Amino acid sequence: MSQEPIKSDKIEKALALFKKRMNRQAVLSFGVCVHCGMCTETCHYYEATKDPKMAPAYKADKVRKIYKKHFDWTGKIIPSWVGARDIKTEDDLKELVDVVFGSCTMCRRCTFNCPMGVDKALIMRTMRGVLTELDLAPQGVKDVSRDQWTIGNQMGVSDEDYLETIEWLNDELKTELDDPSASLPLDVENCNMVYAINPREIKYAPMSLLAAGKIFHAAGESWTLPSKGWDNTNFGLFSGDNALGGHMGKLVFENVQRLKGKSLVCSECGHGYRATKWESPNWSGIILEQPIYNFLEIMVDYVKSGRIKLDKTKNTEPVTYHDPCNLARSGGITEEPRFLLRQSIMDFREMYPNRADNWCCSGGGGAMSMSEFSKRRLEVAKVKADQLKATGAKIVATACHNCVDALMDLIRHYKLDMKVALVGELVANALVMERKAIPVMPAYAADSFLSGFRILVTDDEPDMVAFISAVLGDHGAEILRASNGDEALSILRKEKPSMMTLDLSMPGKTGVEVYEEMKNDKFLKDIPVFIITGQPELRKLIYDGSYPPPNGYVDKPIDEEKLLLNVRKILNLQHEKT
Amino acid sequence: MDDFLKFLEDEIQIIALSIMGIVYILKVIWLLKFKPIIEKTPAKGNESVGIGYSFMTIAMPWSMESSSKKFHKYLEFVIFHLGVAAAITASLIIPYWPQVMENGMILAIFQTIIAAAFLVGMIRLIRRISSQVMRIISSRDDYFSIILLNVWLLSAFFAIPNKNYWMLVAFFALTAFFLIYVPFSKISHYLLWPFSRYYLGKTLGHRGVYPKKTGS
Ligand code: SF4
Ligand code: SF4
């Protein structure tokens, strides 16, 4: 490792920023640790690896050393006595990036197990903020933060894309419910609820927004999506940038005020809800007059007041629930999802430990956007994988889009026989409509709504090519097939299909390489790509920002309904009822 | 009683205690100069209840996985801190109410607690040296503090019968050093602990996280 001295102004800046960020709670968390080691086994990074360097106290000490050098009375005079140390080299800064971004999801599990009340997440976030201001945050964090600053949402969804998707989903909802009065209202003033969502719902998981639409419709709610300030997620929480945190909160709050909504409801996103309800008001200084709720709380109210009725026989598979850290340990929401699941599924199986003691999904703290740490993330997810497996459930429900992605990754990595669903999706599936029956899942016509479209299916597994081709072909698409990257590129150049499905992990030229080559080719770059895999490389494509993200993805084993819904979204098609 | 010992037991302790008190006051003033993070949001839970719960975790080993799964460590914590409290109490009893320790039962109770605390202290020291994780997180202050406390507890054990002159000298000399050293070492954690638990409890109570919902 090189030990090049870094420019002193950079060190000075780092220290100045560190000092500026010091507040009473941080001083206490830095100062009160007695190195008792009680928190060691409560961190999934340590528990999965048994690496002493993954012990929470060790990781916190990497930052604490700097505090000791500059704040601790003894540390200032006899640094070596209390382990005080300054930032001296480039490598020190790199090591800090690795520790605070790559070795901690800021899940707070260790905090809850520390007799002294040391908040390691606060320690990590303090240093994350310093490194972010020095432009040293991981690329994925920088890219997502930039999109939130400049475009107003974390996935860089343009206004046009957002409006088109809402319009498309609006028609979907009407068709699915066979009810012209059903809608995803946009920018309606004086509603009871303004609904802020996770951009993943627009980009990759329209099912969840559709589910919310069904539930609101069934409850006869007066609600609206805002055309601006609709992203409830907030990378300021992860990057440590309070200014970004305040900016995102302000965008959401101002639009609630603009629309004169009576309340703000956050869709199922753990950190989004925490940031919007608990952190952004502090960062932005805006205290919304209107109450802020989580969608789970709203659904509970609907069930308890009889505004929606649920039929649990519609969800027969065994389901367990994963408590998102930001809801259970930092948001105060643990019982609502359990109530809803017990009302909407036949077989609920508690996961142990649970609630505020639950293990992190391993994708928190923005980890999903940091592809350089994917290997470690999946390694430490072993703890979660074992916990999931022990439940014997076939579906793991959660209330956070970020957890959904992390759980899908680990389920595939550890080859678990499980699917992931949001609580709202299961509730929507169990809905009993008074007027018209809601199909349990969208019933697509086995006819030709894809006719006229040519779709290239690329996968090295013949079974997978056969399955996808059959599903899309049954609906009228003309199918082109490729079993490797080179073949796919050659067909793309020759045939210019309407879209392609792409497996990421193929021998030879990988899906990522094919994708990058396409995006660098002016004739191919506009062909929509639908990724069929859940390899961690997918996160790189979504978050790294070097190329526009893919138009959609679905995990293996493929859920036929999700595949069709996404393909229709990409091609901007409405489905036809059988 | 020898004048030197009397001076050591009385005036020196008062001076050392005063120094400790002054440093503590300065430390609290210093701490309060840092602005706290203020929760401006409307509360979902109850801050006072959260604060109460946060403090009570010390007496609820079942509330933390770290102490419920490793109950022996919790027991060690209780015994060690009881021993320290007993030794401190003894340092006040011996100079001012020496007759108390003439009661054999009381003396035996004190000595038992202090001996148990010493044993726990030794276990803690051995663990700090032998466990890779503990070694990697320990500073010189961590080692010195535990050794200092162990030696002090040992001296307390032999000093409190109030018979052995040199043991009394050792105990009170160590106590005086201890009082002056503590505010500059990790042992001062008990000064920051109430603040730390207060703020954690306040935030988590505000959000309705504390008292922790059970189920696991
Ligand atoms: S449990 Fe708390 S005091 Fe003990 S090592 Fe961990 S952070 Fe430090
Ligand atoms: S906050 Fe979570 S990930 Fe970070 S050190 Fe603590 S337990 Fe580990």
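For clarity, every value in this text was computed on a predicted model and none was experimentally measured.
For chain B, the nearby part of C36(A) is the backbone; its heavy atoms alone come within less than 4.5 Å. Within the 4.5 angstrom heavy-atom criterion, no atom of R64(A) approaches chain B. Only the side chain of Y181(B) comes within contact range of chain A, judged by heavy atoms closer than 4.5 Å. Of the two parts of S67(B), the backbone and the side chain both hold a non-hydrogen atom closer than 4.5 Å to a non-hydrogen atom of chain A. Of the two parts of L204(B), only the side chain, counted from C-beta on, holds a non-hydrogen atom closer than 4.5 Å to a non-hydrogen atom of chain A. Heavy atoms of W73(A) lying under 4.5 Å from chain B belong exclusively to its side chain. In this structure, the portion of A55(A) lying under 4.5 Å from any heavy atom of chain B is its side chain and not its backbone. With a 4.5 Å cut-off on non-hydrogen atoms, Y46(A) touches chain B through its side chain but not through its backbone.
Proximity of V49(B) to Y210(B): side-chain heavy atoms (C-beta onward) are nowhere separated by under 4.5 Å. At a threshold of 4.5 Å between non-hydrogen side-chain atoms, the residues F30(A) and I123(A) count as touching. Here the side chains of R338(A) and F348(A) are in contact, with some heavy-atom distance below 4.5 Å. Contact annotation: the side chain of M248(A) never approaches that of W283(A) to less than 4.5 Å [non-hydrogen atoms, C-beta and beyond]. Between Y96(B) and D10(B) there is a side-chain heavy-atom pair separated by less than 4.5 Å. Considering only heavy atoms from C-beta on, N282(A) stays 4.5 Å or farther from I38(B) through its side chain. For the pair S63(B) and Y53(B), the minimum side-chain heavy-atom distance is below 4.5 Å. The side-chain heavy atoms of T175(B) and E9(B), taken from C-beta on, include no pair separated by under 4.5 Å.
The shortest heavy-atom contact between A196(A) and L264(A) is CB-CD1, 4.0 Å. Here the closest heavy-atom approach between residue S188(B) and residue S185(B) is recorded as OG-O, 2.8 Å. Summarising the geometry of P61(B) relative to Y74(B), their closest heavy-atom pair is CG-CE2, 3.5 Å, with the distance given to 0.1 Å. The two atoms that bring H322(A) and C360(A) nearest to each other are CE1-C, 4.2 Å, heavy atoms only. In terms of heavy atoms, P56(A) sits closest to C43(A) at CG-CB, 3.5 Å. In plain terms, the two heavy atoms of T42(A) and W359(A) that are nearest each other are O-CZ3, 3.4 Å.
Here E65(B) is the residue among K212(B), E65(B), K186(B), E39(B) with the most heavy-atom pairs under 4.5 Å with chain A. When the candidates K69(B), M134(B), K44(B) are compared by the number of heavy-atom contacts under 4.5 Å with chain A, K44(B) comes out ahead. Contact count versus chain B (heavy atoms, under 4.5 Å) is highest, among G285(A), A60(A), C114(A), G83(A), for C114(A). Contacts with chain B were tallied for I78(A), N113(A), V27(A), D61(A); N113(A) has the most, counting heavy-atom pairs under 4.5 Å. Ranking S80(A), A84(A), A26(A) against chain B, the residue ahead of the rest is S80(A), based on heavy-atom pairs under 4.5 Å. The candidate from K40(B), R140(B), M64(B), R207(B) with the greatest count of non-hydrogen atom pairs under 4.5 Å with chain A is R207(B). Ranked by heavy-atom pairs under 4.5 Å with chain A, the list I187(B), L192(B), L191(B), I137(B) is led by I137(B). Of the listed residues (A356(A), P281(A), P115(A), C39(A)), the greatest number of heavy-atom pairs within a distance under 4.5 Å of chain B belongs to P115(A). Highest contact tally toward chain B, considering only I287(A), I292(A), L122(A), N358(A), is held by I287(A) [criterion: heavy-atom pairs under 4.5 Å].
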Under the side chain to side chain contact (heavy atoms under 4.5 Å, CB included) rule, what do I58(B) and F77(B) come out as? Steps first, then yes or no, please.
CA-CA 10 Å; I58(B) 198 171; F77(B) 153 80; 3.5 Å; yes
List the steps, then state whether salt bridge (charged side-chain N to carboxylate O under 4.0 Å, His left out) holds for K384(A) with E47(A).
CA-CA 10 Å; K384(A) 188 82 230 174; E47(A) 202 51 12; over 6 Å; no
Taking it one step at a time, do M22(A) and H70(A) satisfy side chain to side chain contact (heavy atoms under 4.5 Å, CB included)?
CA-CA 11 Å; M22(A) 208 49 66; H70(A) 294 276; over 6 Å; no
Steps toward side chain to side chain contact (heavy atoms under 4.5 Å, CB included) verdict (W152(B), V84(B)):
CA-CA 9 Å; W152(B) 178 68; V84(B) 171; 4.0 Å; yes
Should V265(A) and E297(A) be marked as a side chain to side chain contact (heavy atoms under 4.5 Å, CB included) after you check the CA-CA gap, both sets of side-chain angles, and the distance that decides it?
CA-CA 9 Å; V265(A) 178; E297(A) 296 172 289; over 6 Å; no
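Listed by sequence position, F195(B), S196(B), R197(B), Y199(B), L200(B) are the residues of residues 194-202 of chain B in contact with chain A, using a 4.5 angstrom heavy-atom cutoff. Contacts between residues 328-337 of chain A and chain B, defined by a heavy-atom separation under 4.5 Å, are made by A328(A), R329(A), S330(A), G331(A), G332(A), I333(A), T334(A), E335(A), E336(A). Within residues 23-36 of chain B, the residues that have a heavy atom under 4.5 Å from a heavy atom of chain A are V23(B), L26(B), K27(B), W30(B), L31(B), L32(B), F34(B), K35(B), P36(B), listed by number. Within residues 107-132 of chain B, the residues having any heavy atom less than 4.5 Å from a heavy atom of chain A are, in residue-number order, R128(B), Q132(B).
Proximity of the aromatic rings of F178(B) and F171(B) is defined here by a centroid distance below 6.0 angstrom, and this criterion is not met. For W81(A) and F144(B), the ring centers sit closer than 6.0 Å to each other.
The distance from the OH atom of Y321(A) to the CZ atom of R355(A) is 10.0 Å, given to the nearest 0.5 Å.
Using cut-offs of 30° and 60° on the angle between ring planes, the pair F71(A) and Y67(A) is parallel.
Within a 6.0 Å radius of NZ in K20(A), other residues, nucleotides and ligands contribute 12 heavy atoms or fewer.
Between the side chains of Y58(A) and K62(A), at least one donor N or O lies within less than 3.5 Å of an accepting N or O.
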